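Notes to accompany the following structure.
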Amino acid sequence: MNKYTIIIFTVLLCFVSCKNTNTPIKASIKKPNIIFVLVDDLGYADVGFNGSKWFETPTLDALAKESLVLDNAYMYPTCSPSRTAIFTGKQSFRTGIYTVPVLEKGTGQENIFSRWTVGREHPIYAEPLAKAGYKSIHIGKWHIVGPYPKEELKMKFPLKEKLTQPDPGVYDWAEIHKTPEVQQYYPEGRGFIKNVGGTYRGDPALEVGGYKSETGGYWAPFSNPFIEQKPTDNWLTDRLTDEAIEFMDVHKEEPFLINLDYYAVHNPIRARSEEGLQKYLNKPVDSLLGQGMAPKENRRKSHAGYATMVESVDDNIKRILEYLDKSGLRENTIIIFTSDNGFHGGQSTNKLMRGAKGYIYEGGIKVPMLINWPNKVIPRRSDAAVTALDVFPTLMDVAGVNNHKGVLDGNSVTELFKEDTKLFKERPLFWHVASQYKHGTCSVIRKNNYKLIQFLADGKLELYNLKDDPLERNNLWEKEPQTATQMKLELTKWRKENNVPLPPNSVLEF
């Protein structure tokens with residue numbers, strides 16, 4: 001071998017070596033994949049990792065041991081404002097969505113009736129992510145567009161009457177919702193490249209009979225006009241997971257966002273299997289939380305059927321994790337798992353908290369939440385208080401998007417990935433519920449484990465120490481006047497500085 005041959009051989013070897021080392025370098029700088037899982041109506045203690053001895057969530061329990069588990073994660077009391085806050089990063093008074101419109105009670109004097117459709121003036125997180133190169137899919141519940149958005153957005157606000165929705169089995173809205181004029185309010189008009197199952201409706205029972213129908217929307221054939229029927233269809237939660245895995249497989253070479261908003265475990269309750277139903281009917285109850293306990297047979301069956309739906313969600317999270325592991329995507333994928341409000345009082349129980357879905361008390365707003373990202377998140381439990389409003393800025397931070405312009409009322413929680421920080425120990429959280437559902441209109445501040453509720457109609461105040469009194473039994477308004485006064489001033493200042501609107505019958509000035 002002469003010297004020229006040696007030189008050529010060396011150059012070729014270097015070329016091959018450099019080419020091989022470039023591949024992992026490119027892979028390592030790829031933006032992280034994002035899987036955001038939002039379960040509907042899943043209560044804080046409806047999972048094993050938050051203390052349940054009755055519900056079976058082995059996959060989530062194992063995942064929690066590898067994750068940051070947030071013990072004080074909060075949403076709004078109902079799904080519409082929670083989902084809007086998640087998507088837009090904005091407080092409900094900015095979007096005008098205070099609860100699900102059809103749930104509102106009372107008159108226009110007592111309420112600021114809720115909007116249904118989130119206007120285009122409020123960008124959602126998928127839009128800047130799309131500009132940053134993310135391929136995104138929305139799967140499941142959407143619920144930030146109304147059944148009649150064209151008419152709704154022409155209305156003068158505040159409304160004189162609450163908005164309505166079509167009866168189950170009425171589909172005259174479906175074709176209109178597939179037109180470009182309305183699609184701009186749907187996932188494919190808001191940064192996602194595909195929508196599977198997202199409509200105006202908050203549950204899957206669109207067929208004749210609704211909750212009383214045989215399938216309840218959970219068993220095939222699905223009645224959702226935004227789900228293409230497949231011969232393999234069986235159980236809705238399984239089908240939605242199929243879509244997530246299929247999308248990840250197609251886009252695994254580029255950053256993706258999976259927005260997986262299961263319709264489960266929302267009403268109507270349908271048992272995943274007869275075998276599973278019997279298992280929970282025969283299982284010893286969790287007497288501490290009250291789970292599995294019900295005085296009447298039909299309520300016990302409802303609780304047991306609900307438990308099979310919770311277990312089904314857990315089974316499908318297992319499928320997603322198995323796919324990520326098999327495909328080598330797990331390390332570069334962040335998973336956020338949470339719920340949109342507290343547990344539904346008709347199908348679950350938590351004797352350690354006051355209230356349930358619809359209430360501003362802990363049972364209605366406290367939710368399970370974990371964040372998993374191998375080698376990026378230090379597994380542990382944290383008592384840092386976080387909220388729906390933190391999701392948008394967190395996703396921007398994770399994706400390296402630093403040029404988003406617009407109001408964001410939350411904070412990125414990425415600084416919590418390694419350790420608890422001063423910001424999340426000291427910052428106040430606010431709620432403003434200007435329409436009635438389970439109780440009167442109110443504003444709320446939570447800070448340093450204290451929660452102050454101010455009812456808007458009569459100015460009544462309730463103050464609770466959540467650490468000492470999670471059941472919110474002891475109103476400390478008169479017993480701790482210094483704390484009460486300070487928090488009231490801070491809540492009033494927040495409303496004044498942000499021009500927060502009050503219902504007509506409010507006795508407050510601001």
Side-chain angles (χ1 to χ4, degrees), residues 30-38 75-76 79-97 115-146 149-150 152-153 177-200 226 243-244 247-248 250-251 254-261 333-336 338 340 371 387-414:
K30 175 179 175 263
K31 288 180 179 292
N33 306 308
I34 300 167
I35 300 178
F36 181 71
V37 181
L38 188 63
M75 297 286 168
Y76 283 89
C79 55
S80 289
S82 293
R83 290 168 186 273
T84 302
I86 289 169
F87 272 126
T88 67
K90 296 179 180 181
Q91 284 276 0
S92 61
F93 71 87
R94 300 192 196 280
T95 58
I97 298 174
R115 295 174 182 263
W116 206 317
T117 302
V118 176
R120 293 305 303 266
E121 69 272 19
H122 304 293
I124 70 171
Y125 56 68
E127 295 174 68
L129 288 178
K131 292 177 182 177
Y134 276 79
K135 303 301 181 185
S136 305
I137 184 172
H138 175 83
I139 305 168
K141 183 169 175 175
W142 181 240
H143 214 218
I144 62 168
V145 63
K150 292 191 293 183
E152 176 193 345
L153 294 173
H177 280 223
K178 293 179 181 180
T179 63
E181 189 176 1
V182 177
Q183 276 291 297
Q184 64 177 310
Y185 305 108
Y186 266 77
E188 287 152 325
R190 305 298 300 258
F192 295 97
I193 62 177
K194 189 176 183 181
N195 167 40
V196 180
T199 74
Y200 77 87
F226 287 89
E243 294 286 346
F247 190 87
M248 288 189 286
V250 170
H251 296 284
E254 51 200 334
F256 57 73
L257 162 67
I258 308 297
N259 214 65
L260 184 51
D261 286 29
T333 300
I334 181 172
I335 301 170
I336 302 176
T338 190
D340 62 349
I371 301 175
T387 172
L389 299 164
D390 297 329
V391 173
F392 192 132
T394 299
L395 297 188
M396 296 303 100
D397 210 357
V398 165
V401 177
N402 54 19
N403 59 352
H404 175 72
K405 295 179 180 179
V407 174
L408 292 177
D409 289 310
N411 299 97
S412 169
V413 302
T414 53

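Keep in mind the model is a prediction, meaning the values are calculated, not measured.
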Quiz item: Given side chains that start at C-beta, do those of Thr333 and Met248 come closer than 4.5 Å, heavy atoms only?
Solution: no
Quiz prompt | Interatomic spacing from OG in Ser82 to CD1 in Ile144 - rounded to 0.5 Å | solution = 13.0 Å
Quiz item: Quick one: does Arg83's side chain get under 4.5 Å of Asp261's, heavy atoms only?
Solution: yes
Practice problem: In sequence, state the C-alpha distance, the side-chain angles, and the governing distance for Phe192 and Ile124, and then conclude on side-chain contact (heavy atoms from CB on, under 4.5 Å). | Solution: CA-CA 10 Å; Phe192 295 97; Ile124 70 171; 4.0 Å; yes
Quiz item: Counting N and O atoms only, with roles assigned by atom type, does the side chain of Thr414 sit under 3.5 Å from a partner on the main chain of Thr394, one being a donor and the other an acceptor?
Solution: no
Quiz item: Between Val391 and Phe36, what is the shortest heavy-atom contact and its length?
Solution: CG1-CE1, 4.0 Å
Quiz item: Which pair of non-hydrogen atoms, one from His404 and one from Pro123, has the smallest distance, and what is that distance?
Solution: CE1-CB, 4.3 Å
Quiz item: In Å, rounded to the nearest 0.5 Å, how long is the span from CG of Asn33 to CD of Glu254?
Solution: 9.5 Å
Quiz prompt | side-chain contact (heavy atoms from CB on, under 4.5 Å) between Phe247 and Val196, intermediate numbers included | solution = CA-CA 11 Å; Phe247 190 87; Val196 180; over 6 Å; no
Quiz prompt | Steps toward side-chain contact (heavy atoms from CB on, under 4.5 Å) verdict (His251, Ile193) | solution = CA-CA 12 Å; His251 296 284; Ile193 62 177; 3.9 Å; yes
Exercise. Evaluate the side-chain proximity of Val37 to Ile35: yes if any heavy-atom separation is below 4.5 Å, no if none is.
Key: yes
Practice problem: Would you check if the side chain of Thr95 reaches a backbone N or O of Val118 as a donor-acceptor pair within less than 3.5 Å? | Solution: no
Exercise. Could you walk me through whether Tyr125 and Leu257 pass side-chain contact (heavy atoms from CB on, under 4.5 Å), step by step?
Key: CA-CA 10 Å; Tyr125 56 68; Leu257 162 67; 4.0 Å; yes
Quiz item: How many angstroms lie between atom CD1 of Ile335 and atom CD1 of Ile34, to the nearest 0.5 angstrom?
Solution: 12.0 Å
Quiz item: Which pair of non-hydrogen atoms, one from Gly410 and one from Pro393, has the smallest distance, and what is that distance?
Solution: C-CG, 3.9 Å
Practice problem: State, yes or no, whether a side-chain contact exists between Thr84 and Lys90 at a heavy-atom distance under 4.5 Å. | Solution: no
Quiz item: Between His138 and Asn195, is any side-chain donor less than 3.5 angstrom from a side-chain acceptor?
Solution: no
Quiz item: Heavy atoms, side chains only, cut-off 4.5 Å: are Thr199 and Tyr186 in contact?
Solution: yes
Exercise. Give the C-alpha distance, both sets of side-chain angles, the deciding distance and a yes or no for ring pair (Phe, Tyr, Trp, His ring centres under 6.0 Å) between Phe256 and Tyr134.
Key: CA-CA 5 Å; Phe256 57 73; Tyr134 276 79; 8.4 Å; no
Practice problem: Using a 4.5 Å cut-off on heavy atoms from C-beta on, say whether the side chain of His143 contacts that of Asp340. | Solution: no
Quiz prompt | Closest non-hydrogen atom pair between His177 and Pro149, with its separation | solution = NE2-CD, 3.7 Å
Quiz prompt | Lys178 to Phe226 six-membered ring, cation-pi geometry met (6.0 Å, 45°) | solution = yes
Quiz item: Under 4.5 Å between any side-chain heavy atoms of Pro81 and Phe93, yes or no?
Solution: no
Self-check item: Main-chain N/O of Thr117 paired to Glu152 side chain as donor or acceptor, under 3.5 Å
Solution: yes
Self-check item: Pairing of Arg120 and Glu127 as salt bridge, 4.0 angstrom limit
Solution: yes
Self-check item: CD1 on Ile336 to CD1 on Ile371, rounded to 0.5 Å
Solution: 5.0 Å
Quiz item: Side chains of Asn259 and Phe87: does their closest heavy-atom pair fall under 4.5 Å?
Solution: yes
Quiz item: When rounded to the nearest 0.5 angstrom, what distance separates OG1 in Thr387 from CG in Asp409?
Solution: 9.5 Å
Practice problem: Would you check if the side chain of Lys194 reaches a backbone N or O of Ile137 as a donor-acceptor pair within less than 3.5 Å? | Solution: no
Quiz prompt | Spatial distance of atom OH (Tyr76) from atom CG (Leu389) [nearest 0.5 Å] | solution = 5.0 Å
Quiz item: What is the minimum heavy-atom distance between Gly133 and Pro255, and which atoms define it?
Solution: O-CG, 3.7 Å
Quiz prompt | Nearest non-hydrogen partners of Val182 and Lys150, listed with the distance | solution = CG2-CG, 4.1 Å
